[in-house]
Amino acid sequence: MLGLFGKSITPIKEVLEAKPLNKMVTVAGWVRTRRDSKAGVSFVELSDGSHIRPLQLVIPITLENSGRDLPRLHPGTSLLATGLLIPSIGKGQELELQVEEFGILGPSDPESYPIQKKRHSFEFLRSYPHLRPRTNTFGSVFRMRSRLFFQIHRFFQERGFYYISTPIITQSDCEGAGELFRVKGQSESGEEFFGRPTYLTVSGQLELEAFALSLGKVYTFGPTFRAENSFTTRHLSEFWMVEPEVAFLDLYGLIGLAEEFMRHLLSTTLIESREELEFFDRWVSAGLIKGLEESINKEFVIMPYEEVIRVLCESKEPFQYPVHWGVDLKTEHERYLTERYVKGPVFVIDYPKEIKPFYMKLNPDGKTVRAMDLLLPRWGEIIGGSQREEELRTLMERMEELKMDMDRYWWYLDLRRYGSAPHSGFGLGFERLLLYLTGLNNIRDVIPYPRTPNTIVV
RNA sequence: UCCCCGGUAGCUCAACAGGCAGAGCGGGUGGCUGUUAACCACUAGGUUGCUGGUUCGAGUCCGGCCCGGGGAGCCA
């Protein structure tokens, strides 16, 4: 598939996995390090990004261009090399390429190239979002990110879900989902491009509900925007969100779907990103793999909010935020619940309506809604969802309570006027999932080009 | 938005209580070695974030600003 100058190039991933011993192989990639040996060879670690491990090249000083080009093989230099793949003579790697011909494709000035062959701080690498994927850590993050993307689509597609492209530019502000970015055209007169105020989407959920109530099982997975001025390790102004929405499904069915979904992502990641996880476990987050394996083997417990409050009140824990019926759960409460009480994943359901959005289905008690949050040990909330209010009158009453502009939701109310049906859905912040799975601390390190308040590097 | 910490060589960081701005890594040169974050020697490299002030003297103290990090709140 890859080729240059009439030569077919083998990805290093393929070389390492298929091990075509004693065959001539051509590889291309970027130099990680070079170690010169006076035994007449130079050792070059070459990485092409296809695999976490580099390939060791052994380049003799006797080659025609060695005298000129070997000293130029600084970190970051791109290189094309052909040679015989043999079992490594030295320790530390199984294979090596006995190079017979090589050429520099693009040099790299060691005086100015920012990525050195040493560990850099995450903070420093954040200022080079275009170069950091060349490092082990970020290469691993973005390979995992891609696989996870595919597994999410695969999970839903295999279960008969249809993928819906919900709009990026919207009118609805999805009440309570945070601050919005305004979208305007270039018009100098200040007129609205669409004739009315428009925003970047904060969630595809409302638009998606229409498709659940027509195609049945649907999901959306796209970029989402929040103009919230929160600069933390868990917030981005632009992030990706997965949102399934299913007709004829109640809260308990939704919980089953969410659990199956999490188990699928955990188990496939543990298998197909094993080497990356081992890398993170060793260098970034000790005990990562053990924690993920424990999560997958634990039973997912279901607890109503009321019971959670009772447990927290009876715990005698010195919580900083006092607990009583009606409060939202803080980090300290979630951690006590998942790590000390349940010791595993928990679905908390039936929250007070006051702390949840208007579209969640009201319970018969009139004061709680059919919401569910999945809380994970050492992490907190990873998934939030609910059964949706399908009764027109109840929904309108709720919107009135919240003083919402009913006219702007005419289409949403239509879904309850014509063939309304019970339906449910949840949302999952993709980058937060990636943080959980990689053990990294900062959400800016799991998205290629992070956007946060006041900061946009590339 | 609020609270805390930081900004010194390309990178990671030192510099007591205001007194000649340093080390390791990286770069260059030489040596050594089937090398593994290689090793040894030498060497180059600085407007201490910007700005105003206090002082005989400021990296260090004070004011303002800029940038970065962490936490809280809000959320996904």
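Lettering of chains follows the sequences in order, A, B, ..., and the numbering in each one begins at 1. Predicted model only: the values in this text are computed from it and were never measured.
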My understanding is that a pair needs two contacts under 3.5 Å, Watson-Crick or G-U wobble. By that rule, which nucleotide pairs with [N]?
N      : result
B:rA17 : none
B:rG73 : none
B:rG68 : B:rC5
B:rU35 : none
B:rU29 : B:rA41

What contact category does [X] fall into here, base, sugar-phosphate, or nothing, at under 4.0 angstrom with non-hydrogen atoms?
X        : answer
A:Glu431 : nothing
A:Ser112 : nothing
A:Leu236 : base

Just compare [options] and give me whichever is closest to any side-chain atom of [X].
X        : options                : answer
A:Thr33  : B:rA38, B:rG34, B:rC75 : B:rA38
A:Phe231 : B:rG27, B:rG69, B:rG70 : B:rG69
A:Asn442 : B:rG34, B:rG70, B:rU36 : B:rG70
A:Thr233 : B:rG71, B:rC75, B:rG68 : B:rG71
A:Pro110 : B:rC11, B:rG28, B:rU36 : B:rG28

For the [atom1] atoms, the ones on [N] and on [M], what distance do you get once it is rounded to whole angstrom?
N      : M      : atom1 : value
B:rC42 : B:rC32 : C1'   : 15 Å
B:rG45 : B:rG28 : P     : 16 Å
B:rU60 : B:rG53 : C1'   : 15 Å
B:rG46 : B:rC5  : C1'   : 25 Å
B:rG19 : B:rG59 : P     : 10 Å
B:rG6  : B:rC61 : P     : 10 Å
B:rA37 : B:rG49 : C1'   : 31 Å
B:rC40 : B:rC25 : P     : 7 Å

Residue-phosphate contact under 4.0 Å: [X] side-chain N/O, [N] OP1/OP2:
X        : N      : result
A:Arg126 : B:rG69 : yes
A:Lys330 : B:rA72 : no
A:Arg35  : B:rU36 : no
A:Ser127 : B:rG68 : no
A:Tyr321 : B:rG73 : yes
A:Arg444 : B:rG70 : yes
A:Ser121 : B:rU12 : yes
A:His74  : B:rG10 : no
A:Ser88  : B:rG34 : no

So A:Phe426 and A:Phe261, would you call those rings parallel, tilted or perpendicular, with 30° and 60° as cut-offs?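 Geometry flag for A:Phe261 against A:Phe426: tilted rings.
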Salt bridge flag under 4.0 Å for residues [X] and [Y]:
X        : Y        : answer
A:Glu245 : A:Lys217 : no
A:Lys13  : A:Glu17  : yes
A:Arg147 : A:Glu276 : yes
A:Arg226 : A:Glu238 : no

Are the ring centres of A:Tyr359 and A:Tyr412 closer than 6.0 Å?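 They do not qualify: ring centres at least 6.0 Å apart.
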Is it true that A:His153 and A:Tyr163 have ring centroids separated by less than 6.0 Å?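 Yes, they do, as the ring centres are separated by less than 6.0 Å.
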Reference residue A:Glu431; test salt bridge (charged side-chain N to carboxylate O under 4.0 Å, His left out); the match among A:Arg145, A:Arg444, A:Arg451: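 Of the listed options, the one satisfying the test is A:Arg145.
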Length of the [atom1]-[atom2] vector between [X] and [N], whole Å:
X        : N      : atom1 : atom2 : result
A:Leu125 : B:rG10 : CG    : C1'   : 13 Å
A:Leu440 : B:rG70 : CG    : P     : 12 Å
A:Phe124 : B:rG26 : CZ    : P     : 15 Å
A:Leu57  : B:rU35 : CG    : C1'   : 13 Å
A:Met241 : B:rC75 : CE    : P     : 14 Å
A:Asn136 : B:rU36 : CG    : P     : 18 Å
A:Leu55  : B:rU35 : CG    : C1'   : 15 Å
A:Ile61  : B:rU33 : CD1   : C1'   : 13 Å

When only distance counts, do a donor and an acceptor, one from the side chain of [X] and one from the base of [N], lie under 3.5 Å apart?
X        : N      : value
A:Glu96  : B:rG34 : yes
A:Gln116 : B:rG10 : yes
A:His235 : B:rC75 : yes

A:Thr77 and A:Ser108: side chain to side chain donor-acceptor pair (under 3.5 Å), yes or no, with the steps? CA-CA 5 Å; A:Thr77 304; A:Ser108 175; 4.8 Å; no
RNA chain B: 5'-proximal contact among A:Gly427 and A:Pro75 (nearest heavy atom):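 The residue closer to the strand's 5' end, by nearest nucleotide, is A:Pro75.
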Nearest-nucleotide comparison on RNA chain B, the residue closer to the 5′ end among A:Asn229 and A:Gln56: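 Its nearest nucleotide lies further toward 5', so the answer is A:Asn229.
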